[in-house]
Amino acid sequence: MKRALPAVLVNGALLACAVGSLFPLFWMLSVSLMPAGQASHLPPPILPRGATLAHYRQLFELAGMGRSLLNSALLAALCTLLSLCFNVSAGYAFAKLRFRGRERVFTALLGALVIPGQVAMIPLFLLLNALGLVDTYAGVLMPSLAGVFGIFLVRQYALTLPDELLEAGRIDGASELRLFVSVVLPALRPILVTLGLFSFLGSWNDFLWPLIILERDELRTLPLALASLSREHKQDLELMMAGSVVTVLPALIVFLSLQRHYMQGLLAGSIKG
Amino acid sequence: MVAQLLPEFEASHPGLRVHVQQIPFLSAHEKFLTAAVAQRTPDLAQLGNTWIPEFATIGALEPLDEELAATPSLAPDDFFSGSWSANEFAGHTYGVPWYVDTRLLFFRTDLLHEAGFAEPPRTWDEWLAMLRAIQQQGRPGPGGDPRAALFLRLDEPELLLALGLQQAPLLRDGDRYGNFRSAGFVQALEYYSSLAQVGLLEAQGASQVANLWDDFARGAFVFYIGGPWQLGELGLRLPEQLRDSWNTAQLPGRDGPGASLALGASLVMFKGSPRRREAWQLIQYLSRPDVQRRFYELTGDLPPRRSSWEGSDLAAQRGAAAYRAQLEQMYSLPAVPEWERIKGAVITLEERAARGVITPRAAAVELDRRTDRILEKRRWILERAATRTERNPAGSSRAVGALP
Amino acid sequence: MSSTRAGWFFVAPALLAIAVFFLLPVLGGFGLSLTDFDLYTIADWHNLRFVGLRNYARLLETPLFWRALANTAFFVVAGVPASIAVSLATALLLHSRLTRWAKAFRTALFAPVVTTLVAVAVIWMYLLHTRYGLINYGLSLIGVPRIDWLGSPRWSMPAIALFAVWKNFGYNMVIFLAALQAIPGDLYEAARIDGASSAQQLRFITLPSLAPTLLLVSLMTVAGYFQLFAEPYVMTQGGPLQSTTSVLYLMYEEGFQSWNLGSASAVAFVLFFLLLLITRLQLALARRWSAA
């Protein structure tokens, strides 16, 4: 009995923390199914009585949430694609290709990590305004085309690629490009998934930049739609929770299915080379 | 709601389709400005009239002088003078009033009678005496706390600004400097602070849902400062037995019913629209008295033109009589683009004065200091323009409202 | 293609994108902060003056700036240690040999990290509701009177800090976990043979081994917490009474509500310099500690 106690304590503590972490999300789901006004009672109910999908219907039919969902999904997909296009080749090059100034440039890039992104936002808005890209998908995507973090991630992983493999290819006469496409990319597949995942989630959850650059309702992403909804429908608790579910659920699903890769990337990114 | 008026417009103007986009009020200012900067504005919008100077300054709005001159049915005289002048900037008119918002006293008639007063107050002194008397009586309110005489939201400066404007202009010298340290404004601030002492104060932004009507119904306070949109709301939200137990009154003035603020929203046209003529047609349509009366029936929003009020029983609605009277006595706020910032300074400092943290006099002096700093660039631009006599000054002032 | 040419060819797109969409704006931002760019300038760009460091000087004289700084500092001082403590504690728990279903727990504890901030901020807005919120209800069950979390200037920032800790602790937890797993087991074996208790093992093996990770985590967390914006924007709009106006929120208001882009850029750079300073400070402190 005495020996079981520590185990009970440890697992009990973890259980309590897990409940603490998950409860708000569970509550969000539960309230979204409650009939309107049910949540504003004392004592606050935890489970719905007479569950209904009315709020979801209202969101999609009246509040245009479907459009926002589409925008979020499209933007996240495009962002992922672009991120892969721009960052992978750069990360590989910094790891495996020798060129003059490589280390200096990379160190400078790392230095840029210290600069908070918000510093650039205002002039970036003015720049994109001059280019006529305000209130467009392109305007949202431009700043995330290349990220130092993404390059860093790929480089970390690429460093572990065996040089012999690449040398063998070069001796066989393959050009760098050929080598990259047929040998390197397949070898980098795990980190590609990780980078894609980070980009997807980063774009899905992005708030401040889309807030600044987007204007029309038709282009709104889910976080923007939700923020706007929350200012107008403060009292409609159940509706707001339905909106939160729509916003959170896809990202959670994507994360859960690719968890392993996410954790891997997180750790690679944190252990500085 | 406006959308419901549109089918008839579209029917009588074949070939025109109107697309309406609703913007939540709290983000409207940012969104419009961003749109204006990026030159992606709609043809026509309903814009808060205190924002007109900002938008006119950046050249986003189309002056309506030509159209107005060609449309005798939209005579400025038919609109309430305070609200018409709120649409003027640098010698041009930029908007047609659509929604007139002003502030009035709302009060519980039964609780006022209970306190021993038959009529609402007409002067500053009467009101303060009434409030003090109610506070003295200390009758119980809901939840055990004593009933408050007045509910005051410290983050809403409209009452103070109205009291101030009753005394003196808020800015001076062609709107180049603050005029808050004038005797008139200081008196208004002192009076406001005395009100705060008998009042139930709340200085809350949007995040807590203020159950104003609930508390009003339960008798937590007798007076509060409200606007015309509440005339309809109260009718809906008060319980049956209290439907006739409230009324409105004009803001008290020094020696009799006083002036209030001319707030609200106007129909404006943005520059660069290829559909200027059509947009004007829509404005004309929406300004027709019969259309405005229909809008009232749909929304409960009272019309902005005198002729829309005439020949109807709009003034008979509970609370509307005082509102109609107040419409004849309104001042518009200073027409400078920096107004929102100045207003922010007003809120910060009046709150401190109301809570007794600093004296009204000190608050007024500090308010002037901040206002002068905010207006520094305006002064620079005006000076520069004055030395180039060919160009029109960027923001020459006009006499504000109908000061006595 | 030579290796050098290939190298540049491969990095060029990314570098170009970074240069145009990041470095250029950053430099531009610094330039903007030295001017009085505002609405008048948007109207007519002749209405632009070079004002040197005046925006910065003005900021130092603006009470709201100091308020924002104080609010942000409070958020960092309250939130970072709490967040790191919870992360470390849960990581230690997960790492324990006594734990079952570690993977499942880890996922559960990490879940809030990937949720959209706006969406969960909305959830917490209602959990923190004065009358109907579950948090106040829970408190009432143990006899604590209702707290007006988001409506009182005193409790609004603590509420936001609580929310931030809940949202973020999982991130650092995973990092700590990985670091814990990297500590060689022999060290613990040897300690056990020598008769060291669990607490002693924690103090003399675990924590020192975690020192570099602790430093990294604290650098990242402090930097992240200083950039507080979305929570005040969604939950409190900087209020009540500007008690939740953070430095970035101030920048947003100045920049996109008042369009004083010059002074807004100055705010952003002040934040940047501050972060730089604090990072340096943390590194110096860490060096001192490890030398001791």
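Convention: sequence-line order gives letters A, B, ...; per-chain numbering from 1. This structure is a prediction, so every number in the text was calculated from the model and none was measured.
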A:M241 versus chain C, the contacting section by heavy-atom distance below 4.5 Å: side chain
Is the gap between the ring centers of C:F256 and C:W259 under 6.0 Å? yes
Could you tell me which portion of C:F272 (side chain, backbone, both or neither) has an atom closer than 4.5 angstrom to a non-hydrogen atom of chain A? both
C:I123 versus chain A, heavy atoms under 4.5 Å apart: side chain, backbone, both or neither? both
Judged by atom type as modelled, is there a donor-acceptor pair below 3.5 Å linking the side chain of C:Q257 to the main-chain atoms of C:Y252? no
Heavy-atom distances under 4.5 Å only: say whether C:F226 touches chain A with side chain, backbone, both or neither. neither
Which region of C:L16, side chain (C-beta onward) or backbone (N, CA, C, O), has a non-hydrogen atom less than 4.5 Å from a non-hydrogen atom of chain A, or is it both or neither? neither
For C:F10 and A:F99, I'd like to know if the aromatic rings sit close, meaning centre-to-centre distance below 6.0 Å. no
Check whether C:L275 gets within reach of chain A through its side chain, its backbone, both or neither, counting any heavy atom under 4.5 Å. side chain
Audit row: C:I175, C:M220, side chain to side chain contact (heavy atoms under 4.5 Å, CB included) steps and yes/no: CA-CA 11 Å; C:I175 295 180; C:M220 290 195 317; 3.6 Å; yes
Does the side chain to side chain contact (heavy atoms under 4.5 Å, CB included) test come out yes or no for A:S83 and A:L195, once each step is laid out? CA-CA 8 Å; A:S83 176; A:L195 180 61; 4.1 Å; yes
Selection from A:A90, A:A93, A:P44, A:G150 maximising heavy-atom pairs under 4.5 Å formed with chain C: A:P44
Answer with side chain, backbone, both or neither: which region of A:F23 has an atom nearer than 4.5 Å to a non-hydrogen atom of chain C? side chain
Which answer fits C:Y126, side chain, backbone, both or neither, if we ask what part of it has an atom under 4.5 Å from a heavy atom of chain A? both
Answer with side chain, backbone, both or neither: which region of A:I151 has an atom nearer than 4.5 Å to a non-hydrogen atom of chain C? side chain
Quick check: do A:L127 and A:L124 have side-chain heavy atoms less than 4.5 Å from each other? yes
Pair count under 4.5 Å, heavy atoms only, with chain C: among A:L252, A:L256, A:V248, A:L208, highest is A:L208
Chain A contact via C:F105 - which portion, at a heavy-atom distance below 4.5 Å: side chain
Side chain, backbone, both or neither: which part of C:Y233 has a heavy atom under 4.5 Å from chain A? both
Taking the side chain as C-beta and beyond, is there a heavy-atom pair between C:L261 and A:F125 under 4.5 Å? no
Within residues 25-32 of chain A, which residues come under 4.5 Å of chain C, heavy atom to heavy atom? A:L25, A:W27, A:M28
Check whether any side-chain N or O of A:S72 sits under 3.5 Å from a backbone N or O of A:L222 as a donor-acceptor pair, and report yes or no. yes
Between A:W204 and A:F200, how do the two ring planes meet: parallel, tilted or perpendicular, split at 30° and 60°? parallel
Proximity breakdown for C:S96 and chain A, heavy-atom pairs closer than 4.5 Å: side chain
Chain C interface, residue from A:A227, A:A112, A:P123, A:S230 that has the most non-hydrogen pairs under 4.5 Å: A:P123
Do you know the tightest heavy-atom contact between A:D163 and A:K96? OD1-NZ, 2.8 Å
For chain A, which of C:F110, C:F22, C:F37, C:W124 has the most heavy-atom pairs under 4.5 Å? C:F110
Nearest non-hydrogen partners of A:P210 and A:V140, listed with the distance: CG-CG1, 4.4 Å
Closest-packed option against chain C by number of heavy-atom pairs under 4.5 Å, given A:V19, A:D206, A:L211, A:V254: A:L211
Geometric class of the A:F106/A:F152 ring pair [parallel <30°, tilted 30-60°, perpendicular >60°]: parallel
Under a 4.5 Å heavy-atom cutoff, which of A:L201, A:L14, A:V245, A:L22 has the most pairs with chain C? A:L14
Which is it for A:L224 and A:S68 under the side chain to side chain contact (heavy atoms under 4.5 Å, CB included) test, yes or no, and what are the steps along the way? CA-CA 8 Å; A:L224 261 52; A:S68 307; over 6 Å; no
Considering non-hydrogen atoms only, spot the tightest contact between C:V247 and C:T72 and give its length. N-OG1, 3.1 Å
Who wins among C:T279, C:T116, C:V11 for the most heavy-atom pairs under 4.5 Å with chain A? C:T116
Relative to chain C, which of A:A251, A:P43, A:P143 shows the most heavy atom pairs under 4.5 Å? A:P43
Check whether any side-chain heavy atom of A:L97 lies under 4.5 Å from a side-chain heavy atom of C:W8, and answer yes or no. no
Look at the side chain of C:N55 and the backbone N and O of C:S33, then say whether any donor-acceptor pair between them is shorter than 3.5 Å. yes
State, to 0.1 Å, how close C:L210 and C:A179 come at their nearest heavy-atom pair, and which atoms those are. CD2-CB, 3.6 Å
Residue, of C:T115, C:L15, C:L32, C:L94, that accumulates the most heavy atom pairs under 4.5 Å with chain A: C:T115
Proximity breakdown for C:L248 and chain A, heavy-atom pairs closer than 4.5 Å: side chain
Proximity breakdown for C:A223 and chain A, heavy-atom pairs closer than 4.5 Å: neither
Between C:A121 and C:V234, what is the shortest heavy-atom contact and its length? CB-CG1, 4.0 Å
Could you tell me which portion of A:L109 (side chain, backbone, both or neither) has an atom closer than 4.5 angstrom to a non-hydrogen atom of chain C? side chain
Check whether A:V105 gets within reach of chain C through its side chain, its backbone, both or neither, counting any heavy atom under 4.5 Å. side chain
